[in-house]
Structures are given as structure tokens and as C-alpha cells.
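Chain identifiers are assigned alphabetically (A, B, ...) following the order of the sequence lines, protein sequences preceding nucleic acid strands; residue numbering begins at 1 within each chain. Everything numeric in this text was worked out from a predicted model, so none of it was measured. For the numbers below, each heavy atom of this structure counts, side chains included, while hydrogens, waters and symmetry mates do not.
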Number of protein chains: 2
Amino acid sequence: MSKPKLPVPLCPAILDGELSRAQAEKLAALFRALADPARVQLLSLIAAQPGAKACACHFTERMALSQPTVSHHLKVLREAGLLERERRGNWLYYHVVPERLAIVSATIWPPTARRARHG
Amino acid sequence: MSKPKLPVPLCPAILDGELSRAQAEKLAALFRALADPARVQLLSLIAAQPGAKACACHFTERMALSQPTVSHHLKVLREAGLLERERRGNWLYYHVVPERLAIVSATIWPPTARRARHG
DNA sequence: GCGCAATATCGACGCACGTCGATGCCCACC
DNA sequence: GGTGGGCATCGACGTGCGTCGATATTGCGC
């Protein structure tokens, strides 16, 4: 009951009509999670690990950021549904949630968007 | 010479390997342009107009924002390459740049990403 | 249960950004 | 060429957020 990670779109695609204020806020919140270079780099770093998982200790040294700062960014990404973590002993392993990224991608440029071109 | 709007990707996809700091900053800058509800709503509003174009005067009343604020958001979207404008007499008509949105979408979730799934 | 190691949380600081009123610029019209 | 309207720019204010050091929490091993 605590894992609402269904791949259900949060709102219509941007180009598929006028978005309500609430829909725009949901979308913007997701974009805001991606609006920091450190977080984008973290995502790519995690995705590049074998098995697409990585323990948090690995990031601090690679990113030239303090441990609290990395922890903060991981939390933001996790709260946006882009990241999940699991405990393995003392370490926490993070992995990307591809369904979530796919949703964001489709909201920006869905397959149905091509028919909406107006030249 | 002043319109570098070629549909060339700005960096590899997020999940296609470790992004450099510079690549992550380019991407984050693009996401930051989309990280405000007003700007997301503006995009959908412009795209929903007939011909996907609209004069700026139309937005101020619809968005409950002052005219300078709307102008500011339009500038941010334009500098991100997501919007372009053309003058028609006294009015400025804005239109979305679909190629730019397609690039952002593909960077988040490219067609090649599906093969990178690790279960 | 005690110490250690990995990570999260807290409080504070500084900067970036959204917002607005006032003002300037550009174009059409007379 | 003077006037009016549409839009951009400027300056200022308040808030949000990235960053860090210090501290708390959690789990492992002895």
C-alpha cells in the first residue's frame, strides 16, 4: 500500500491540449527534480552501474559534493518517483525507475504528437 | 547565423552512460526551463491554439499573471529553444519548436533505452 | 549491549528565481 | 511626426533551493 509506482500518466501530454493549473504543477514538479546538474548526473551514474544499481557511498567521491548534499539529491529524486532504494546490510542500493522516466518522456513528446504538427 | 535550431541532440541519453558535468548542466538547464507550472501551461496553451501560434496578449488574462511576468516566462522558454516568435504588425506570435521537445524527450527515454533494462 | 560505519536529518547561509510596478521601445495609424 | 497600444526591460522584494557542518539514526559485528 506504500508503493504507488504504477506506470500511469500523471496528465495529458503538453502538446495535447490546454493543461489545467494542477496538471501543470504536477509536471513542473517532476521537471524540477531533473532541473539540477547533480541530480541528472546522479541518474546517469546509477544507470551506468552494473545491474543499474549503486550504493550511495560511491557517489560522494565521484561528484565533488558532501555526503549530506548527495543524500539530499537522492531524496529529491526518490520523492519524484525516479529512484528507489533497497537495503543490503549497511549499504543502501539505489536504482532508476524506468517506467517513471518513460512517463516523463511521453508527456513531453508522445507518439501521438506527430499527427499534431502544423508545419 | 543567429538561429542554431538544428535538431541535434545536446548530449547522450541519461540512461546511456555516465554524463559529464557539462552535459548534465546542459540537460538540467533545459529541464529548468520546464520546471515552472506557468511555463508548462504556457507551452500547452500555445500548442492548443489553431496553427499552434498565439499572440502574447492572450496569455496575460488566461494565466492570472501580470504582463511582465508572462513576458519573462516567454523569454525563458525562448532562450531554451522551446519557443520561437514572429512579428505580425503590433503583435508577437509565439509557436512551439517541436524538434526541441523531441530532443528532450529522447534524452530522457530514447528508443535504445529498452535494451538497457535489467529487470 | 557496545562501538563503528553508512546514511539521513537538522539548522543555517547564500544565491537564484518568480513576481510585480514603473518605464522604455517599437510599430501602426492618423 | 505625434499619439496610442503591445510588449520587453529594469529594479526591487520575497521565497525557494543547493550547499555544508554538526548531529541523529540505523544496522552490523564482536
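Dashed line: the shortest gap from a side-chain N or O of B:R85 to OP1 or OP2 of D:dC7 is not under 4.0 Å. Not one side-chain nitrogen or oxygen of A:K75 sits closer than 4.0 Å to the OP1 or OP2 atom of C:dA8. Taking side-chain N and O atoms only, A:Y94 has a distance below 4.0 Å to OP1 or OP2 of C:dA8.
At a cut-off of 3.5 angstrom, the base of C:dA8 holds at least one donor-acceptor pair with the side chain of A:Q67.
When the P atom of D:dG6 is taken as reference, atom NE2 of B:H58 falls 15 Å away, rounded to whole Å. Distance CD (B:E61) to C1' (D:dG5): 15 Å, rounded to an integer number of Å. Taking atom CZ of residue A:R78 and atom P of nucleotide C:dT7, one finds them 13 Å apart after rounding to whole Å. Here the P atom of nucleotide C:dT7 and the CE atom of A:M63 are 15 Å apart, to the nearest Å. B:L92 places its CG atom 10 Å from the P atom of C:dC27, with the value rounded to the nearest Å. Summarising the geometry, the separation between CH2 on B:W91 and C1' on C:dC27 is reported as 11 Å, rounded to the nearest angstrom. Regarding A:H72, its NE2 atom lies at a distance of 4 Å from the P atom of D:dG18, rounded to whole Å. The distance between atom CG of A:N90 and atom C1' of C:dA8, rounded to the nearest whole Å, is 13 Å.
Contacts of B:R39 with the nucleic acid, taken as non-hydrogen atoms under 4.0 Å apart, involve only primed sugar atoms and P, OP1 or OP2.
Place B:R87 and A:H73 on DNA chain D by their nearest nucleotides, and B:R87 ends up nearer the 5' end. Heavy-atom distances to DNA chain D give each of A:L65 and B:P68 a nearest nucleotide, and the one nearer the 5′ end belongs to B:P68.
Expressed to the nearest 0.5 Å, how far CG of B:L82 lies from CG of B:L34 amounts to 5.5 Å. With rounding to the nearest 0.5 Å, the separation of CD1 in B:I108 from CH2 in A:W109 is 14.0 Å.
Of the listed nucleotides (D:dG27, D:dT19, C:dT19), C:dT19 has the atom at the smallest distance from the side chain of B:T69. With distances taken from any side-chain atom of A:S66 to the nucleotides D:dC20, C:dG18, D:dA8, the minimum falls on D:dC20.
Tested against A:R85, the residues A:H95, A:K75, A:R78 include a single side-chain contact (heavy atoms from CB on, under 4.5 Å) partner, A:R78.
Taking all atoms of both residues into account, the shortest heavy-atom contact from B:A38 to B:L65 is CB-CD1, 3.9 Å. In terms of heavy atoms, B:R62 sits closest to B:H58 at CG-O, 3.3 Å.
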